[in-house]
Protein chains: 2
Amino acid sequence: MESLADYFKVFSEPNRLTVLETLRPGPLNVTAVVEKTGLSQALVSKHLKLLTIAGVVRRRPEGSLVFYEVIDKSVFQLLVQARKLMLASRRQQLDALAAIL
Amino acid sequence: MESLADYFKVFSEPNRLTVLETLRPGPLNVTAVVEKTGLSQALVSKHLKLLTIAGVVRRRPEGSLVFYEVIDKSVFQLLVQARKLMLASRRQQLDALAAIL
DNA sequence: TCACGTCATAACGACAGCGTGATACTACAT
DNA sequence: ATGTAGTATCACGCTGTCGTTATGACGTGA
């Protein structure tokens, strides 16, 4: 996680966001995430690894299972704020369009 | 701007963030941004176009110049919050490392 | 009209990241 | 020991995007 851009990059992938959302309610092991998301196991593992490296998620082996959980739930605040800005931007664009037409 | 991931993608590029930061104090024309950032003119134009499409920035032609300005300055709030989370994540990682060693 | 400064776009090569299929690794049960 | 379920990783093809160079388009002043 060198730059701020790299940090944003973590959340710039739909499937990765899906995985992250899956962990919102609480810790899950890999297979559970696979089932909830419908993504392939290899892909889920990759995204979880990336989220771990990014420090967003914590890895906790438990027997033969590996549980992942969100370290700081305030990341979801970031998602919320981003979504708000996104929607506001859309409105801005529509207004600009209306001004032209 | 389909998904939330796409919105994050807007801020996941170092040079694009640099351009955006340049516009923080106020509107600038393209050449001014080029000079402040040291990036090539073509590249700056591209990033500005993307930021415009994303609804982050507004394009305002004025004579032979084209000024760009940030529409909603609360995007910088997003950047700040992201940076905080990023730094917190780093601390988490160091703590985890220390626990192992 | 011509030249010039400003900005946008096209075409291209380079590279990173995604998703898949196959395979390795690990813990546990039989 | 062997098998099995769960997880990680490798190798690969593919697509998207980044940055550059070159060129096009537009407005302005001589």
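All values below were derived from every heavy atom in this structure, side-chain atoms included, with hydrogens, water molecules and symmetry-related copies excluded.
- Rounding to whole angstrom units, CD of residue Glu13(B) and P of dA16(C) are separated by 13 Å.
- Checking the phosphate oxygens (OP1, OP2) of dT20(D), a side-chain nitrogen or oxygen of Ser40(B) falls inside 4.0 Å.
- Checking side-chain atoms of Arg16(A) against main-chain N and O of Val10(A) turns up a donor-acceptor pair under 3.5 Å.
- One finds no side-chain N or O of Arg59(B) lying less than 4.0 angstrom from the OP1 or OP2 phosphate oxygen of dC7(C).
- Between the CD atom of Glu35(A) and the P atom of dG6(D) there is a distance of 8 Å, rounded to whole Å.
- Taking the nucleotide of DNA chain C with the nearest heavy atom to each of Gly63(A) and Ala42(A), the more 5' of the two is matched to Ala42(A).
- By the rule that hydrophobic residues join a cluster once side-chain heavy atoms approach within less than 4.5 Å of another member, Phe67(A) and Leu23(A) end up as members of separate clusters.
- Between the side chain of Ser12(B) and the backbone N or O of Lys9(B), at least one donor-acceptor pair lies under 3.5 Å.
- One interatomic measurement links the two molecules: CZ of Phe67(B) to P of dA8(C), which rounds to 12 Å at whole-angstrom precision.
- Nearest heavy-atom pair across Phe8(B) and Ala82(A) is CZ-CB, 3.6 Å.
- Closest contact between the side chain of Ser64(B) and the listed nucleotides dA8(C), dG6(D), dT6(C) involves dT6(C).
- In this structure, CZ of Arg60(A) is placed 21 Å from P of dT26(C), rounded to the nearest angstrom.
- Placement of Leu39(A) and Val34(A) within a single hydrophobic cluster is found when ILVMFWY residues are connected by side-chain heavy-atom separations under 4.5 Å, directly or transitively.
- One finds a side-chain N or O of Tyr68(A) lying less than 4.0 angstrom from the OP1 or OP2 phosphate oxygen of dA8(D).
- A straight line from NZ of Lys9(B) to C1' of dC18(C) spans 10 Å, rounded to a whole angstrom.
- Below the 3.5 angstrom threshold, one finds a donor paired with an acceptor across the side chain of Lys46(B) and the base of dT20(D).
- Distances shorter than 4.0 Å separate some side-chain N or O of His47(A) from OP1 or OP2 on dG19(C).
- In this model, the phosphate group of dG19(D) is approached by a side-chain N or O of Asn15(B) to a distance below 4.0 Å at OP1 or OP2.
- Mapped onto DNA chain D by nearest heavy atom, Arg16(B) and Thr31(A) fall at different nucleotides, with Thr31(A) at the one closer to the 5' end.
- The side chain of Asn29(B) contributes an N or O atom lying less than 4.0 Å from OP1 or OP2 of dC7(C).
- Note on Lys49(B): a side-chain N or O is less than 4.0 Å away from OP1 or OP2 of dT9(C).
- We find that CG of Leu51(B) is positioned 11 Å from P of dC18(D), with the value rounded to whole Å.
- Residue Leu50(B) contributes atom CG, which lies 7 Å from atom P of dC18(D) at whole-angstrom precision.
- Look at CD1 on Ile53(B): it is 12 Å from C1' on dT9(C), rounded to the nearest Å.
- The side chain of Val30(B) sits closest to dA8(C) out of dA8(C), dT20(C), dT7(D).
- For Ser45(B), a side-chain nitrogen or oxygen approaches OP1 or OP2 of dA8(C) to under 4.0 Å.
- By the 6.0 Å and 45° rule, Arg24(B) stacks over the aromatic ring of Phe76(B).
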